[in-house]
Visitor: 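I have a structure here, written as structure tokens, and I will follow up with some questions on it.
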Amino acid sequence: MAVPKHKVSKSRRDKRRTHQKTGAPSVGTCPECGEAKLPHFACPECGVYKGRNVTEVSE
Amino acid sequence: MRHRKSGVKLNRTSSHRSAMFRNMVTSLFKFDRIKTTDPKAKELRRWADQLITLAKRGDLHARRQAMAIIREKSVVHKLFNDAQQRFGSKAGGYTRLVKIGLRKGDAATLTLVELTGEPVESKKEDKKAVKADKADKKAKKTEE
Ligand SMILES: [Zn+2]
């Protein structure tokens with residue numbers, strides 16, 4: 001069975017992991033109120049999605 | 001291989017899953033819109049669509065099949081009364097999902113599940129529905 005010949009040092013391990021990182025979330029602006037909002041989400045400020053207020057109970 | 005295996009398991013046993021979706025679909029037809037996590041919302045559409053198809057068929061057998069899923073008799077009555085008017089002109093697309101944010105605690109995506117179409121105005125208190133509700137309560141009492 002193939003087996004590592006040498007222990008990977010902390011330095012090598014950490015260098016490998018420098019590319020593992022999370023990016024910033026993609027944030028758009030609400031066309032209604034201009035607040036920052038996630039794409040494909042209703043606006044957390046005004047509750048509008050695709051021109052419709054989803055927080056209102058009655059249609 | 002997962003060929004032709006549709007649906008998600010949601011880390012539940014099949015009985016747990018079906019019990020949960022029966023509860024959820026009952027709530028959906030009762031309240032018209034419910035808030036849940038996104039994967040559950042997506043799976044709930046299957047249940048809702050199937051029941052609306054049954055309601056549009058509207059015969060006695062369909063009604064019994066719906067009764068086997070929906071937990072409240074009054075909800076079945078309302079669904080079958082309204083289905084033709086509300087969904088008769090559509091073939092699918094009975095539900096709408098809107099993502100509304102991330103949950104504090106586990107960052108799960110929360111989604112609103114809504115029934116499309118104009119809600120049908122109920123004529124006063126539907127006598128049959130009231131009767132069914134009473135029967136439901138009676139049955140529960142005798143169970144206890
Ligand atoms: Zn907004």
Side-chain angles (χ1 to χ4, degrees), chain A, chain B residues 24 26-45 48 52 75 78-79 81-90 92-125:
Chain A
M1 205 171 74
V3 135
K5 198 160 196 171
H6 294 290
K7 175 180 175 143
V8 175
S9 70
K10 286 176 207 165
S11 168
R12 272 195 158 220
R13 179 202 65 199
D14 292 348
K15 275 194 226 163
R16 181 172 65 242
R17 290 183 187 168
T18 58
H19 295 286
Q20 297 178 12
K21 50 199 170 193
T22 55
S26 57
V27 178
T29 51
C30 172
E32 290 292 319
C33 67
E35 279 290 331
K37 86 181 232 324
L38 290 172
H40 307 288
F41 277 73
C43 175
E45 291 299 319
C46 63
V48 169
Y49 185 63
K50 288 190 174 170
R52 228 176 110 257
N53 195 331
V54 296
T55 51
E56 282 167 4
V57 176
S58 58
E59 301 206 339
Chain B
M24 285 171 73
T26 304
S27 298
L28 176 64
F29 287 126
K30 194 169 178 182
F31 300 109
D32 243 52
R33 48 155 44 182
I34 59 172
K35 188 169 84 176
T36 180
T37 61
D38 199 46
K40 283 186 215 160
K42 285 177 175 169
E43 188 69 9
L44 183 62
R45 291 182 294 189
I52 290 169
V75 175
K78 187 173 180 338
L79 174 65
N81 286 339
D82 299 352
Q84 207 47 256
Q85 193 184 330
R86 190 165 182 183
F87 305 109
S89 57
K90 294 188 209 166
Y94 306 128
T95 50
R96 180 191 301 124
L97 304 186
V98 182
K99 295 197 187 86
I100 50 175
L102 305 178
R103 184 161 65 193
K104 264 261 157 70
D106 65 353
T109 304
L110 292 180
T111 302
L112 213 55
V113 188
E114 299 172 300
L115 297 177
T116 55
E118 277 296 299
V120 177
E121 289 295 314
S122 56
K123 311 142 219 153
K124 291 177 260 169
E125 277 285 278

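Note that the structure is predicted; figures quoted are calculated from it, not measured. In what follows, chains are A, B, ... by sequence order, proteins preceding strands, each numbered from 1.
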Visitor: Is the NZ atom of B/Lys90 crowded by more than 12 outside heavy atoms at less than 6.0 Å?
Guide: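 Yes, enclosed.
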Visitor: Does atom NZ (B/Lys42) have a neighbourhood of more than 12 heavy atoms from anything else shown, all under 6.0 Å?
Guide: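 Check fails, neighbour count at 12 or below.
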Visitor: Got a second to check how far A/Tyr49's OH is from B/Ile100's CD1, nearest 0.5 Å?
Guide: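 A/Tyr49 atom OH to B/Ile100 atom CD1 measures 12.5 Å (nearest 0.5 Å).
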Visitor: Taking atom CD of B/Glu114 and atom CZ of A/Arg52, what is their separation to the nearest 0.5 Å?
Guide: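 Answer for the CD-CZ pair, B/Glu114 versus A/Arg52, is 4.5 Å.
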Visitor: Tell me, for B/Thr111 versus chain A, whether the close heavy atoms (under 4.5 Å) come from the side chain, the backbone, both or neither.
Guide: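 Contact with chain A is absent: no heavy atom of B/Thr111 under 4.5 Å.
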